[in-house]
Amino acid sequence: MKAILALEDGKVFEGRGFGAVGESSGEVVFNTSMMGYQEILTDPSYNGQIVVMTYPLIGNYGLNEEDFESRAPFVKGFVVKEHSTFPSNWRSQFNLDEFLKQYNIVGIEDIDTRSLTLHLRNYGAKKGVISSVDPDKNRLVQKAKDSPSIVGKDLVSEITASAEFRWEGKTQVKPEGTFKVIAYDFGIKHNILKKLCSYGCEVTVVPAFTPAEDIIFRKPDGIFLSNGPGDPEAVSYAIKTVRRMIGLRPIFGICLGHQILALALGAKTFKLKFGHHGANHPVKNLITGKIEITSQNHGFAVEEGSLKSAGLVLTHLNLNDNTVEGMRHEDYPLFSVQYHPEASPGPHDSDYLFERFVELMVKGK
Amino acid sequence: MPKRTDIKKILIIGSGPIVIGQACEFDYSGTQACKVLKEEGYEVVLVNNNPATIMTDPELAFRTYIEPLTLPILEKIIEKERPQALLPTLGGQTGLNLATSLADSGILDQYGVELIGAPLKSIKLSEQRELFKKAMTQIGLEVPRSGIVKSIDEAKILARRLGYPLVIRPSFTLGGSGGGIAYNLEELKRIVMMGLDLSPVKTILIEESVIGWKEYELEVMRDKKDNVVIICSIENLDPMGIHTGDSITVAPAQTLTDKEYQRMRDAAIKIIRQIGVETGGSNIQFAINPDSGRLLVIEMNPRVSRSSALASKATGFPIAKIAAKLAVGYNLDEIPNDITKKTPACFEPALDYVVVKIPRFTFDKFPEASTVLSTQMKSVGEAMAIGRNFKEALQKGLRSLEAGYSGLTDSTETKDKTIEEIRKRLIVPDRERVIYLKKGFELGISVDEAYHLTKIDKWFLSQIKEIVDLEKELKEYKKESFDLFEKGYKKTRLEIPSGLLQKAKKFGFSDKQLSSLLGLDEDLIRRKRKSSGIVPVFKTVDTCAGEFESYTPYFYSTYEEEDEGRYSEKKKIIILGTGPNRIGQGIEFDYASVHACMAFKDEEFETIMVNCNPETVSTDYDTPDRLYFEPITKEDVLNIIEKEKPFGVAVQFGGQTPLKLALDLEKAGVNIIGTSPENIDLAEDRKKFGRLVEKLGIPQPPNRFIIHSEKAKISATQLGYPVLIRPSYVLGGQAMQIVYDENSLDAYIKKAKEVSPEHPILMDKFIEDAIEVEVDAVSDGEETFIGGIMEHIEEAGIHSGDSSCVLPPYSLSEEEIQKIEEYTRVISKELKTIGLLNIQYAIKNEQVYLLEVNPRASRTVPFVSKSIGIPLAKLAAKVMVGRKLKEFLPQKLPRINHVSVKVPVFPFIKFSEVDFLLSPQMKSTGESMGIDKDLGKAFAKAYIGPSQFSGLPKTGTVFISVKNKDKRGVVFLAKRLESLGFRIVATSGTARVLTNSGIKVEQIYKVKEGRPNIVDRLKNKEIDLVINTPSDGTSHIDSFSIRRSAIEYNIPCITTLSGAQAAINAIEGLLKEELEVKALQEYF
Ligand SMILES: Nc1ncnc2c1ncn2[C@@H]1O[C@H](COP(=O)(O)OP(=O)(O)O)[C@@H](O)[C@H]1O
Ligand SMILES: Nc1ncnc2c1ncn2[C@@H]1O[C@H](COP(=O)(O)OP(=O)(O)O)[C@@H](O)[C@H]1O
Ligand SMILES: [Mg+2]
Ligand SMILES: [Mg+2]
């Protein structure tokens, strides 16, 4: 079955469709992780995006029930060089094609994904359409142009939990006891919740639009701001909420949570050319001088120049392009990172940040 | 931290001669390290006795010692040079072991030399398996259960606890020899007995077997600040039980989820910390249970390795270079990534292609050797291929091997096999296993069954099956055209749809493969393909999957849309490399290719290298201006030529592989620079060339061309036995044999299967007891410069690659030398040679016979270049682009006042079934060089080189047993040995002759005569030197066990009288005066 990927700038790739038959639009971004496609597919931060895997062979080890990062896949489309029809791994339960079909995600393969990647690198992330139903290239380019931009769009409200819930994972009891953590769900990954549990947290997940008052009054030991999709400025309600909680309880933010925290404190964010999506980004911890190899997935970043006036201190720096990867407040018990210490997929080098959060909560108790 | 300033001089120990398991990858790593340390302003003192290495080029180090790799010699060098530091992690196991010994013996402390990179404690922790296992358990990692035993009884008890099969590893044997896998009690007894016998400490490690588990490797780097990164993951297609060096391996890992991979990554980081490797690269091996994911640690190498060379080429991340920088104090974030320039080296490369490495075996040289693969490495080289999918990379890799496959094809062995035979061959891992798999799928074996038989992961199996399925589809187009033809239709050919052709190319099918599948001419396929627009594009290896712009032009081909070539308009030269290492064509040819590259650069050409051997310096992206990691076949090379449009292509540096392409390339309109393809062909075609030589009046051994097997006998009688027979157009003396009588001739002809005008057999009069001489020369078309005349120590009949040789000649007369020079010039002129020329002569009764002419670089080019201080390959490259010899050479060449000796190194230790016999078939894998002021000392030095020999003894007992023909000659030698103070023991026949001549001899039993016999004495290390000449070059059970024991117990063993004579001269030299060291820089 033929399929086409068309970009808003007129660039078109012809390939073969797999997964669901249909048409889907989104911002096209590439991810350089060589493993972990299941985690990527099910990472809610990809809501609104079509993901291109730069590693050419995807689906080799199948998918399984354990490695979901959320309840379902959220990508708007999936682009690979070659998908495997014969997955092999002792944990494998489904193959990629079936999986995408089941969740109605349109995939395209057998296109020059490297060429596409270089195009996105050179010209920036682009709006695009994958279609296995419309063979007209010009029309598809037009559809790509007409599709909504993710800038300024609130992609969080579409995916955040509809009601609060208690995370069922088993909490590891620490010598300091356990910690009550409220996690704001902007598109939270399961592994963050699992990690928090393993560090002694009892986590209650709340919808993104939960007002600050509801939380403050419950006196949690800590507040966690999760990762999530899209433009942080578009989630204005969350920024307001966070602003009211600053200084009251220890706060830890990851990815979108980090950006929202920055905005809440008065710092600024901007859109990166093609974002950071991968599992090999070197980040320097400016306090210890040590390098962490990190998992990343973001299209926006915090402006370094805006930190100081917001009372923020740069703690982590991306060594590839010198962008802000982490910050803490000069006075308040809060810190955040742009990247993903929970990994999944990716290296575990930054696990210590969860410990840091626990330390803050111990102090705050 | 910036680099250290308290260190000025750094000692690097190389890995010595090429042996199985330790090949030119250590030249690659050593060369990188030397370059980088020099750039950083350090003085490098380099010791390596392998002359065929780039690292021993005098420009690369402050001082280059081509000296034996022994403690006393190293101590002398340290005493003389006073380095502040020793970097032990770049010279393979040899370098690491020597560094450990230097530390243990207190020499390092005495001279205040610091070990940088890996501290002694870490080396020991990782090298001693018991300590390593303990260390792993301490950090909560699992290792295969095991125990140490000292007797068969202990082994039996342990076996009951661990269960069969069992992996047995004797402690402290060379190259893991004597180990193996036992499936039952009987095998256990046998292997344990042998292992205990071989182990100097009489202990062996018995380990739970995890045969059939998935095998992985991670390449890890760490800096002083404890930053750790993983450069590459490698998945072995062949599961545990087959040495990684003999496995097909794939990068990155293909069948692990992120969870499993990260668990392995975490383990690797913990391990490198626990072992305490401070800086640099390490290789860690893991096994994973395919049913449960249980992870075991197998071993760690705290140094750069074969796998790290592979990882460097696979990712574009130069591990050795970075390791050297880390060792002198830099941290990973302070070193830029060469390829992206903007990002730091502190990251983990992301690949957007698949890399497949396939081992190259040379069992054809050792027909007696078992081809079954196990835990001891047997391959001599490897090819690496890059593709955008596994199928493409696998097929490219197979054709890169130059082993008769144009992709995943049948082999001569699998062609007619039945499914039953295939099944049997799949169960026991053998060197051609993927080829058998292919045949198996073709015959209907399912993926599940194949998994059951091989334990190769089903993902790989299904990929292989996809290739087979497509092949089936392709074949349809041959069949149908044939049917139509049968029916008498005009149109005989059913056109293959271009979509299918495109798909076949994406699956890595070569034109040649398609040609045989479709029954069409290869050139026709190429034309058709091009007219349908199906041409490859070139993509970049950039370490980052396209995320950042890259500046290093390192390319591979694939069938996709965008070409990233950015081809320049400069004048360029393509240098064709040598492909995978094999016996007869190894590192020497890479050396020549690299030198050619440097010289063409000097002459302001853009240099383009094509090669597929990941172990080499030539495939370092620093070497040429542009690197193509591609198979060296007509199709692949033409693809590059069509894009690059070079001024010329150089085929004479990479050995026979590129030379064979010369005519085809010229036919395709390519400018071959240097000696013309016609003349190359003339020299290579023994028949045409024979006629030419006759015309020139140069004596050659009388010869005949046999095109009908019935004629063989008559010809042999005419020439007179013994005769030398061989098929035409081969390198390394393939299937060459000396035949002494009619019976053996019959046998040979029968084995040759086909004798025809297309496949003639050449028969030469074998010149007995002749001196062999080898010449390397360079010609610019007018003048011929004779670089060196090397006299062989062993007589003609022992392949030039397997003979020791001496430069300058030591026994030739002035007239003989003049004749050799004259003939060389005449031939050079006649062939209109431009570039290199190698000629072999045999001399008997003052008559000089021409044996062979090679219009190309030779194995001895580096040896000669280093002996005379003139880089021949560079000269050759320069004259190939129009320069003249007289521009570079002084009017009168300086007289050389030293002697250089080259001694070959053999892989017999790895093949327990194979006898130590020298013949016209080349068997050596490498060589060592000795330089000194006289022959005796130079030979003594060179003879220490071969790692299986500890060098010649100065006192002790010599065992002599020679064939009848040599009995007279040996008397004189025995007398000299006696007068030098050696005790002599001999078996009855030899003993009688010696006693009769008044020599004091102790007679000892042959193996079957009683005990203690000679083999017992060898095992007890009561013999220090063996002189044993086998009769007729054939193996005899009794003398076989003598030579075998000598090899296994590391006792020098000499198998020719001429060799023995040289050895005795050398011993004399050793006794007179201690060996001194002198750097190359002091010679010239
Ligand atoms: N316990 C084991 N069971 C099965 N195979 C093993 C076991 N240990 C090692 N091997 C196999 O033997 C090979 C060589 O062993 P290794 O420990 O790596 O030694 P070397 O130093 O020769 O590389 C490995 O590559 C692996 O395939
Ligand atoms: N006619 C001959 N008489 C004696 N020895 C010979 C003769 N021809 C070849 N040899 C021996 O065989 C070896 C290999 O032969 P050569 O022609 O050089 O083949 P290759 O192509 O393998 O180098 C030579 O090095 C030499 O020792
Ligand atoms: Mg190993
Ligand atoms: Mg020869």
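Letters go in sequence order (proteins before strands), and every chain restarts at 1.
Both the backbone and the side chain of B:Asp226 come within less than 4.5 Å of a heavy atom of chain A. Neither the backbone nor the side chain of A:Ser92 comes within contact range of chain B; no heavy atoms are under 4.5 Å apart. Looking at A:Leu63, neither its backbone nor its side chain comes within 4.5 Å of chain B, counting heavy atoms on both sides. Neither the backbone nor the side chain of B:Asp563 comes within less than 4.5 Å of any heavy atom in chain A. Contact of B:Lys506 with chain A is made through the side chain alone, with heavy-atom distances under 4.5 Å. Of the atoms belonging to A:Thr85, it is side-chain heavy atoms, and not backbone ones, that fall under 4.5 Å from chain B. For A:Phe30, the part lying near chain B is the side chain, with the backbone staying farther off; criterion is any non-hydrogen pair under 4.5 Å. Contact of B:Glu466 with chain A is made through the side chain alone, with heavy-atom distances under 4.5 Å. Of the two parts of B:Thr340, neither the backbone nor the side chain holds a non-hydrogen atom closer than 4.5 Å to a non-hydrogen atom of chain A. Using a 4.5 Å cut-off between heavy atoms, B:Asp291 touches chain A through its backbone atoms (N, CA, C, O) alone. Contacts of A:Arg121 with chain B are made by side-chain atoms alone, with heavy-atom separations under 4.5 Å and no backbone atom involved.
For B:Lys465, the NZ atom is loosely surrounded, since the number of other residues' heavy atoms within 6.0 Å does not exceed 12. For A:Lys137, the NZ atom sits in a loose shell: 12 or fewer heavy atoms of surrounding residues, nucleotides or ligands are nearer than 6.0 Å. Within 6.0 Å of atom OH in A:Tyr123, 12 or fewer heavy atoms from other residues, nucleotides or ligands are found, so the atom counts as exposed in its surroundings. Within a 6.0 Å radius of NZ in A:Lys273, more than 12 heavy atoms belonging to other residues, nucleotides or ligands are found.
At least one side-chain heavy atom of A:Leu118 sits under 4.5 Å from a side-chain heavy atom of B:Glu562. Contact check for A:Asp67 versus B:Thr257: side-chain heavy atoms found under the 4.5 Å cut-off. Under the 4.5 Å side-chain criterion, counting only non-hydrogen atoms from C-beta, A:Met34 is not in contact with B:Ser233. Residues B:Pro252 and A:Tyr55 have side chains in contact (heavy-atom distance under 4.5 Å, counting atoms from C-beta outward). Residues A:Trp90 and B:Ile288 form a side-chain contact, since some pair of their non-hydrogen atoms from C-beta on lies under 4.5 Å apart. Looking at B:Glu547 and A:His281, their side chains come closer than 4.5 Å, going by heavy atoms from C-beta outward.
Under the 3.5 Å distance criterion, with hydrogens and angles disregarded, a donor-acceptor pair is assigned to the side chains of A:Asn89 and B:Glu260.
Distance check: A:Phe86 CZ to B:Gln463 CD gives 10.5 Å after rounding to the nearest 0.5 Å. Atom-to-atom distance recorded for A:Ile40:CD1 and B:Asp258:CG is 8.0 Å, nearest 0.5 angstrom. Once rounded to the nearest 0.5 Å, the distance linking CG of A:Leu57 with OG1 of B:Thr255 reads 12.0 Å. The CZ atom of B:Arg388 sits 5.5 Å away from the NZ atom of A:Lys81 when rounded to the nearest 0.5 Å. A distance of 12.0 Å separates CZ in B:Phe347 from CG in A:Leu319, rounded to the nearest 0.5 Å. To the nearest 0.5 Å, atom CZ of residue B:Phe460 and atom CG of residue A:Asn60 are 8.5 Å apart.
Note on B:Lys503 versus A:Asp110: no salt bridge recorded, every NZ/NE/NH1/NH2 to OD/OE distance being 4.0 Å or above. Residues A:Glu66 and B:Lys259 are not paired through a salt bridge, judged by the lack of any N-O separation under 4.0 Å between the basic side chain and the carboxylate.
Scanning all heavy atoms of the two residues, the minimum distance from A:Thr113 to B:Glu560 falls at N-OE2, 4.0 Å. Of all heavy-atom pairs between A:Ser115 and B:Lys539, the closest is N-NZ, 4.3 Å. Residues A:Asn320 and B:Pro344 approach most closely at OD1-CD, 3.7 Å, considering heavy atoms. Heavy-atom minimum distance, B:Ile269 versus A:Asp349: CD1-OD1, 4.2 Å. When all heavy atoms of A:Thr32 and B:Cys544 are compared, the pair lying nearest together is CG2-O, 4.0 Å. Of all heavy-atom pairs spanning A:Tyr61 and B:Gln254, the tightest one is CD2-O, 4.3 Å.
Comparing A:Asp112, A:Ile293, A:Asn280, A:Asn122 by how many heavy-atom pairs each has under 4.5 Å with chain B, the most go to A:Asp112. Most heavy-atom pairs under 4.5 Å with chain A, from the set B:Thr558, B:Val354, B:Val537, B:Val229: that is B:Val354. Counting heavy-atom pairs closer than 4.5 Å to chain A, the top-ranked of the candidates B:Asp457, B:Leu256, B:Asn337 is B:Leu256. If you tally non-hydrogen atom pairs under 4.5 Å between each of A:Ile291, A:Asn64, A:Thr288 and chain B, the highest count goes to A:Ile291. Of the residues considered (A:His276, A:Glu39, A:His277, A:His348), A:His348 shows the highest number of contacts with chain B, using heavy-atom pairs under 4.5 Å. Taking A:Pro56, A:Gly62, A:Pro282, A:Gly36 one by one and counting their heavy-atom pairs under 4.5 Å with chain B, the maximum is reached by A:Pro56. Interface remark: of the candidates B:Lys458, B:Gln262, B:Lys342, B:Gln262 forms the most heavy-atom pairs closer than 4.5 Å to chain A. Contact count versus chain A (heavy atoms, under 4.5 Å) is highest, among B:Thr343, B:Asn289, B:Leu332, B:Asp352, for B:Asp352.
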